[in-house]
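Worksheet for the structure shown next.
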Amino acid sequence: MKTLTMLAALCALVPTLWASAAQAQFAKPEDAVKYRQSALTLISSHFGRMQPVMKGQVPYDAAAIKANVEVLKTLSALPWAGFVADTEKGTAAKPEIWSDAAGFKAAQAKFEGAIDKLSVASNSGNLDQVRVAFGEVGASCKACHDAYKLKK
Ligand code: HEC
C-alpha cells in the first residue's frame with residue numbers, strides 16, 4: 001500500500017518535472033539570447049555562402065550544396081527555443097514575437113517549409129530548381145525580419 005502511494009505521488013510529480021526541465025533549458029535569459037543569435041548567425045553563414053553559386057560566380061557543385069543544405073536544415077529548427085519571454089531588451093527582437101506568437105510561429109513554419117523545398121531541390125541536383133528554392137528561403141527570412149526584427 002505504501003509503495004502504491006509513493007508511486008502515485010511520483011506519477012503526479014513527473015509532468016511537473018518535465019515542465020520545469022523545459023523552462024530550465026537556459027540557466028539565464030542572456031543564455032537564451034546568445035543561443036538564438038548564435039543559431040541565426042550560423043544560419044546566415046550557411047545560407048550566404050551559397051550566394052556566389054546562385055549568382056553564377058562560382059561553379060555549381062551539387063554535392064557541396066547538398067551537404068550545406070543539410071546543415072542548414074538542422075540549423076533551421078534551432079533559434080526558436082531561444083525566444084524566451086522578456087528577453088527582447090537590448091536585442092533586435094520585437095515585442096510582437098510574444099504579443100503575436102501565432103504569427104511568429106507561422107513565419108518559422110514558412111521558413112522551415114522553404115528550407116524543406118531547398119532540400120528537395122538540392123537532392124535533385126538541378127541548379128535552376130535550387131535557385132528558385134534559395135530565393136524562397138531568402139524571402140522567408142526577409143518576411144520574418146520585416147515583421148519581428150528591429151532594424152538597427
Ligand atoms: C521566424 C523569424 C525569422 C526567420 C525565418 C529568420 N530570422 Fe533572422 N532573426 C529573427 C529575429 C527576431 C532576429 C533578432 C534576434 C535577436 O536580436 O535576439 C534575427 C536575427 C538575425 C541575425 C542577427 C543575429 C545576431 O547575431 O544578432 C541574422 C544574421 C539573421 N537573423 C539572419 C537570418 C537569415 C539569413 C535568415 C534566413 C536564411 C533568417 N535570419 C531567418 C527572425 C527570423
Side-chain angles (χ1 to χ4, degrees), residues 13-152:
L13 202 70
V14 167
T16 326
L17 285 177
W18 263 110
S20 56
Q23 277 159 10
Q25 219 176 101
F26 304 103
K28 292 176 282 173
E30 310 86 274
D31 294 348
V33 170
K34 206 172 185 183
Y35 181 91
R36 73 185 184 225
Q37 291 180 347
S38 304
L40 285 158
T41 300
L42 287 174
I43 287 173
S44 186
S45 167
H46 283 273
F47 183 67
R49 70 183 61 183
M50 294 194 285
Q51 196 127 33
V53 180
M54 300 307 128
K55 285 184 174 168
Q57 295 160 341
V58 168
Y60 175 46
D61 176 343
I65 290 289
K66 184 172 176 247
N68 187 59
V69 170
E70 269 165 33
V71 174
L72 201 50
K73 193 168 166 164
T74 303
L75 293 173
S76 68
L78 299 182
W80 324 124
F83 286 93
V84 174
D86 299 322
T87 55
E88 69 266 43
K89 208 170 166 216
T91 77
K94 277 193 187 173
E96 282 81 355
I97 289 171
W98 296 278
S99 63
D100 174 27
F104 187 58
K105 195 138 189 92
Q108 290 162 34
K110 198 165 174 222
F111 169 65
E112 289 180 47
I115 293 280
D116 280 341
K117 275 199 200 163
L118 180 60
S119 173
V120 171
S122 73
N123 287 337
S124 78
N126 178 322
L127 178 57
D128 290 336
Q129 222 174 299
V130 173
R131 206 174 260 137
V132 171
F134 181 85
E136 281 178 30
V137 172
S140 75
C141 310
K142 189 180 180 302
C144 187
H145 286 183
D146 286 349
Y148 302 103
K149 181 175 176 282
L150 292 172
K151 289 169 190 64
K152 4 187 237 183

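Both counts, for ligands and for their atoms, begin at 1 and track the order of listing.
K73 pairs with exactly one of L118, N68, I115 by the side-chain contact (heavy atoms from CB on, under 4.5 Å) rule, that one being I115.
Distances below 4.0 Å separate heavy atoms of I97 from the following atoms of ligand 1: 12 (C). Every atom of ligand 1 is numbered from 1 in the order shown, and the set under 4.0 Å from a heavy atom of A93 is 16 (C), 17 (O). Of all atoms in ligand 1, listed by their number and element, those nearer than 4.0 Å to a heavy atom of F111 are 5 (C), 37 (C), 38 (C). When each atom of ligand 1 is checked for a heavy atom of Q108 under 4.0 Å away, the hits are 1 (C). Here is the list of ligand 1 atoms found below 4.0 Å of a heavy atom in F104: 1 (C), 2 (C). Taking a cut-off of under 4.0 Å to the non-hydrogen atoms of Y148, the atoms of ligand 1 that pass are 12 (C). Numbered from 1 in the order shown, with element, the atoms of ligand 1 that lie under 4.0 Å from a heavy atom of W80 read 1 (C), 2 (C), 3 (C), 4 (C), 5 (C).
At under 3.5 Å, not a single nitrogen or oxygen of S140, backbone or side chain, sits near a nitrogen or oxygen of ligand 1. Below 3.5 Å of separation, one finds an N or O of A92 facing an N or O of ligand 1.
Side-chain contact between D61 and K66 is absent, with no heavy atoms from C-beta onward closer than 4.5 Å. Counting only heavy atoms from C-beta outward, the side chains of L72 and M50 approach each other to under 4.5 Å.
Summarising the local packing, CG of D86 is surrounded by 12 or fewer heavy atoms from other residues, nucleotides or ligands at distances under 6.0 Å. Other residues, nucleotides and ligands place more than 12 heavy atoms under 6.0 Å from the NZ atom of K94.
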What's the verdict on side-chain contact (heavy atoms from CB on, under 4.5 Å) for Q25 and V84, showing C-alpha distance, side-chain angles and the deciding distance?
-> CA-CA 10 Å; Q25 219 176 101; V84 174; over 6 Å; no
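When only non-hydrogen protein atoms are considered, atom 26 (O) of ligand 1 lies nearest to T41 OG1, 3.2 Å. With respect to atom 18 (O) of ligand 1, the closest heavy atom belonging to the protein is R36 NE, 2.7 Å. Of the protein's non-hydrogen atoms, the one nearest atom 16 (C) of ligand 1 is Q37 NE2, 3.3 Å.
In this structure, the separation between CZ on F83 and NZ on K105 is 12.5 Å, given to the nearest 0.5 Å.
Considering every non-hydrogen atom in both Y148 and F104, the closest pair reads OH-N, 3.2 Å. A pairwise comparison of heavy atoms in I43 and P79 identifies CD1-CG, 3.6 Å as the closest pair. Taking each heavy atom of F111 and C141 in turn, the nearest pair found is CE1-SG, 4.4 Å. Minimum heavy-atom separation, A93 to W98: CB-CH2, 4.0 Å.
Shown here are the protein N/O/S atoms lying under 2.8 Å from atom 8 (Fe) of ligand 1, water excluded: H145 NE2.
A salt bridge does not link D31 with K34: none of the charged nitrogens is closer than 4.0 Å to a carboxylate oxygen.
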